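Right, I'll just put the structure down here and ask away after.
Quick note on labels: first sequence line is chain A, next is B, and so on, each numbered from 1. Please read all numbers here as calculations on a predicted model, not as lab measurements.
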Amino acid sequence: MDLPNAAIADALEELGDLYELDGAIVHRVLAYRNAAKTVREASVSVAALARTGRATELRGIGETLQQKIITLLDTGTTPSTERLRAKFPSGLIAITRLPGLGPKRARLLFTELEIDSIEKLREAALAQRLRTVKGLGAKFETGVLEALGRMAADPPERAAGRLLLPRAIELGETLAAGLIERAAPGTHVQMAGSARRMADSVKDIDLIAITTKPTTLAQSLAGLPEIESVSSAGKPGARGRTHSGVSVDLRVAKPAQLGNLLQHFTGSGPHNAALREAAVRKGLHVSEYGVLEDSSQATRTCAGEEEVYELLGLAYIEPELREHRGELEAAAGGELPRLIELEDIRGDLHCHTVASDGKNTIEEMALAARERGYEYLAITDHSASHGFGDDVSPEQLRRQIELVRAANAQLEGIELLAGSEVNVMPDGSLDYEDELLGELDWVIASVHTSFGMGEQSMTERMIAAIEHPLVDAIGHPTGRLIGRREPYAVDLDALFAAAARTGTMLEINANPDRRDLSDIHARAAMRAGVRILIDSDAHRTDTLQNMRWGIATARRAWLTAADVANTRPWAELGKLRKQTRQ
DNA sequence: GCCGTTTTCGGCCCGACTGTTTTCAGTCG
C-alpha cells in the first residue's frame with residue numbers, strides 16, 4: 001500500500017528543515033512547508049494523485065515536488081534527503097526547535113563548535129564556550145540554558161502547555177471580564193487567535209482591546225488574580241503568564257483600527273500570509289495597523305473585519321475557515337459555504353444514561369434535551385461487552401427499550417429513540433444478536449477495544465461494521481483523544497468510500513477531548529459523499545451542551561446544515577439511512 | 001520550489017523584539 005498523506009507530509013517537512021540548515025533561501029524552505037501542509041490536509045490520497053500526474057493540481061505542489069513524491073513512494077526516500085542527512089546530524093533539527101535558536105545559529109554552532117545534539121549544546125553552554133563564537137554573547141548563552149531547562153521540565157513530545165478549547169475559552173473570557181471590570185467605561189475586550197478560530201487546542205491566549213486609556217488597561221493585566229507575571233507592558237499592550245503557565249497577549253488599538261488588529265491576531269499565520277500575498281498583487285499592503293495602498297500611499301484603517309476583507313475584494317471569511325485551506329479563493333469567487341450553526345441542530349443521536357456509564361436517567365436526559373429545543377433524542381448506552389462494569393446485557397437492553405418506550409409515551413414535546421452504542425469487536429462483529437439490534441430505532445457502532453491492531457485489520461474491522469445492515473452510524477470513527485492519543489491506524493479513504501456506498505453515517509463526536517471526526521477528516525468525508533452526524537456523546541444532562549464543540553469542528557470542515565443529518569426532523573433523517581433500515 | 005487578467009523569470013507578507021551590533025541579522029508570531 002502507498003504511503004499515507006501524513007507520511008509524505010513528514011518527509012517533505014524533514015526535507016524543508018534540512019534545506020533550511022543547508023542555507024537555502026527562505027522561500028524554497030517555505031515551499032516545502034506549504035507543500036507539507038497541503039499534503040497533510042488533502043482529502044484524497046496524494047500518493048494516488050502523484051502516480052497519475054495530478055498532484056500538481058494541489059496548491060503548492062509543482063512538477064518538481066510531484067517527482068520527489070513519486071521517488072519517495074518508489075524508494076522510501078529521496079536522493080536530496082540522503083545527501084543532506086549525511087551532511088547534518090539529526091540532532092541539529094532538534095536544536096532549531098529551541099526558542100531563540102533557528103537554522104542559522106544551529107548551523108553556526110555545528111560548524112564552529114561541532115555541536116550536533118542537545119546534550120553537546122548543554123555541555124558547551126555550561127562550559128561558557130558558546131560566547132566564544134563571533135556574533136554570540138553571554139546573554140545568548142544564558143538564554144540557551146534557560147530554554148534547555150524549560151524543555152527538560154516540559155518535553156515537547158507531551159504537546160506541553162496546550163489547552164483544550166473549552167478551557168482556553170473559559171480562561172480567555174475570565175481574563176477579558178476581569179480587564180473590563182477594572183477599565184474605563186466603554187472599554188471593549190475580546191479573544192482572538194486560535195481560540196476564536198475554534199481550534200482543537202490553543203497554545204496561548206490572545207486578547208484584543210479598544211479603550212480610551214491604553215496604558216492603564218495594559219497595566220491592569222498584572223492585577224488580575226489569574227496572572228502570575230507580566231514580562232513586557234510595552235506601548236500598545238502587554239504580555240503575561242498565568243499561574244498555570246499559559247501565555248497571555250493583550251493588544252490595544254484605537255476603535256478605528258479594531259478590524260485590522262482583530263483580523264491580524266485571529267490569524268492563522270498561513271491565512272494571513274496568503275491574504276497579504278494576494279493583497280500585494282492588487283497593490284495593497286495589509287498589516288495590523290491598516291491597509292496601505294501603493295497608488296495613493298494612504299493607509300486605510302478598518303473598524304470591522306468585514307471592511308478588511310472588502311478592501312481586498314473578498315467576502316467576509318468566518319474565523320473557523322481561516323486556515324489557508326482554500327478559503328481565500330472561495331471568498332474571491334463568492335463560493336464560501338453558509339456554515340452550519342448550533343441552532344440548525346434538531347436532535348442528538350448519541351448519549352448515555354445510568355443504564356451504562358451515564359449519570360442521569362432517561363427522563364432527566366430527555367427533559368434536558370427538550371429544554372435545548374431538540375425534537376428527538378436517541379438513548380444509546382454502551383453494549384454487552386463494555387468494560388468497567390458498565391456493560392448492558394441483552395436482557396438489560398430489552399428492559400431499557402421498554403423504559404425508553406414508556407418514557408416516550410409519557411413525555412410531550414420530544415421523541416425518544418431506543419438505541420445503543422454497540423461495540424465493534426476485533427473481528428468486525430457486533431456484540432448483540434441481529435434480532436435484538438433489529439428492535440432498536442437507532443444503532444451507532446464504535447470501537448472501544450484493541451486500538452493497536454494493524455491498519456489493514458482495523459480497516460477491515462470497521463468496514464465490516466459499516467456494511468452491517470443494522471448499523472446506522474459509526475461513533476468517534478478514529479478514536480483519537482486530542483493531545484493524548486493518536487487516531488488508530490485505519491485507511492480513512494476506504495472507510496469514507498464504504499460509508500458513502502452503504503449510506504452509513506459518520507459521527508463528529510462533540511466531546512471536546514475527541515472532536516472526532518476532526519475538521520480535516522470531516523471535510524474529506526463530506527467530499528467523499530458521506531452523510532455527517534454531530535452528537536454530544538453526553539454522559540450527563542449538562543454535557544448535552546458539548547454539541548457546540550462538534551458544531552465548531554463542522555464549521556471548520558466547511559459543512560453546511562444540509563451536509564449534517566441531524567439538522568433534519570427525525571422522519572426525514574430516517575429516510576437518509578441505508579435501505580435495510582428504512 | 002512555486003507561480004502568473006501586469007510576469008514562464010523574478011518575484012515571493014508584515015512587523016516587533018533581541019542581542020550584539022556601530023547599521024543589522026536572526027528569530028518569532
If I pick the P atom on B:dG15 and the same atom on B:dT20, what distance separates them, to the nearest angstrom?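 The same atom, P, in both gives a distance of 26 Å.
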Starting from C1' on B:dC2, measure out to CD on A:E63 and report it in whole angstrom. 12 Å
Closest approach to the side chain of A:Y32, judged atom by atom: which nucleotide of B:dG15, B:dC14, B:dG1 is it? B:dG1
Nucleotide of B:dC14, B:dG1, B:dT20 approaching A:A31 most closely (side-chain heavy atoms): B:dG1
With side chains defined as the heavy atoms from C-beta onward, is the minimum distance between A:L98 and A:I118 less than 4.5 Å?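 Yes. Closest side-chain heavy atoms under 4.5 Å.
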If each of A:G283 and A:R276 is mapped to the nucleotide of DNA chain B with the nearest heavy atom, which maps nearer the 5' terminus, i.e. the 5' end? A:G283
Any residue of residues 98-118 of chain A with a heavy atom less than 4.0 Å from an atom of DNA chain B: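 Within residues 98-118 of chain A, the residues near DNA chain B are A:L98, A:P99, A:G100, A:L101, A:G102, A:P103, A:K104, A:R105.
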Integer angstrom distance from the P of B:dT21 to that of B:dT27: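 B:dT21 and B:dT27 have their P atoms separated by 15 Å.
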Length of the line joining A:K37:NZ and B:dC2:P, which is rounded to integer Å: 18 Å
Look at A:H285 and B:dC14 and indicate whether a side-chain polar atom (N or O) is within less than 4.0 Å of OP1 or OP2.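 For A:H285, the contact criterion (side-chain N or O under 4.0 Å from OP1 or OP2 of B:dC14) is met.
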With respect to the side chain of A:S287, which nucleotide from B:dG15, B:dC2, B:dC12 is positioned closest?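 So the nucleotide nearest the side chain must be B:dG15.
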Anything under 30° is parallel, anything over 60° is perpendicular, the rest tilted; go ahead and classify A:Y32 against A:Y19. tilted
Base, sugar-phosphate alone, or nothing: which one does A:F265 contact when heavy atoms must sit under 4.0 Å apart? nothing
Under 3.5 Å side-chain donor-acceptor pair for A:H264 and A:R276: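 Judged by distance alone, the side chains do pair up.
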Using the P atom as the reference point in each nucleotide, state the distance between B:dC2 and B:dT6 in Å, no decimals.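 One P to the other, the span is 23 Å.
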Determine: side-chain N/O of A:K68 to OP1/OP2 of B:dG1, distance under 4.0 Å, yes or no. yes
Can you tell me how far P of B:dG15 sits from CG of A:L261, to the nearest Å?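 The answer, rounded to whole Å, is 14 Å.
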Does B:dT8 have a Watson-Crick or wobble partner in any strand here, with both distances under 3.5 angstrom, and which is it? none
Any salt bridge between A:R485 and A:D516, counting N to O under 4.0 Å? no
Taking all heavy atoms of A:S247 and all of A:D204, pick out the closest pair and write down the distance. O-CB, 3.2 Å
Where the side chain of A:T64 is concerned, which of B:dC2, B:dG19, B:dC12 is the nearest nucleotide? B:dC2
Nearest-Å distance, CG (A:N34) to C1' (B:dC2)? 9 Å
Glycosidic conformation of B:dT6, taking syn as within 90° of 0 and anti otherwise: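 Anti for B:dT6; the angle lies over 90° from 0.
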Please figure out whether A:R251 or A:G60 has its closest DNA chain B nucleotide nearer the 5' end.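 With A:G60 and A:R251 compared, the 5'-side residue is A:G60.
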In whole Å, I'd like the distance from the CD atom of A:E20 to the P atom of B:dT27. 8 Å
Short side-chain to backbone donor-acceptor contact, A:N546 and A:N511, under 3.5 Å: no
Interatomic distance where CD belongs to A:E288 and P belongs to B:dC14 [whole Å]: 11 Å
Checking all strands, does A:G269 fall into the base, sugar-phosphate, or nothing category for heavy-atom contacts under 4.0 angstrom?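 Answer is nothing: A:G269 stays at 4.0 Å or more from every strand.
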Answer with base, sugar-phosphate or nothing: what part of the nucleic acid does A:V26 contact at a heavy-atom distance below 4.0 Å?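 Since no nucleic acid heavy atom lies under 4.0 Å of A:V26, the category is nothing.
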Do A:W549 and A:R514 have side chains that get closer than 4.5 Å, going by heavy atoms?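 When only atoms from C-beta onward are counted, A:R514 and A:W549 do not touch, as no gap falls below 4.5 Å.
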Distance between C1' atoms of B:dC14 and B:dC9 (Å, rounded):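 Approximately 25 Å lies between the C1' atom of B:dC14 and that of B:dC9.
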Identify the heavy atoms of A:W558 and A:P337 that sit nearest to each other, and give their distance.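 Smallest heavy-atom distance, with atoms named: CE3-CD, 3.5 Å.
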Between B:dT23 and B:dC28, how many Å separate the two P atoms, rounded to a whole number?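 It works out to 25 Å between them.
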Sugar-phosphate only, base, or nothing, as touched by A:L275 at under 4.0 Å among non-hydrogen atoms: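 Here A:L275 touches no strand at all.
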Calculate the interatomic distance between A:R239 atom CZ and B:dC17 atom C1'; express it in whole Å.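 About 10 Å, once rounded to whole Å.
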Between B:dG29, B:dG15, B:dG1, which nucleotide gets closest to the side-chain atoms of A:K203? B:dG29
Test your reading of the model: is there a side-chain donor-acceptor pair from A:E114 to the backbone of A:T111, 3.5 Å cut-off? no
Distance check, P atoms only: B:dC17 and B:dG10, in whole angstrom units.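 About 36 Å, rounded to a whole number of Å.
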Can you check the A:L12 CG to B:dC2 P distance for me, whole Å? 10 Å
Taking atom C1' in both B:dG1 and B:dT5, compute the distance separating them and give it to the nearest angstrom.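 Going atom to atom, C1' in each nucleotide, I get 24 Å.
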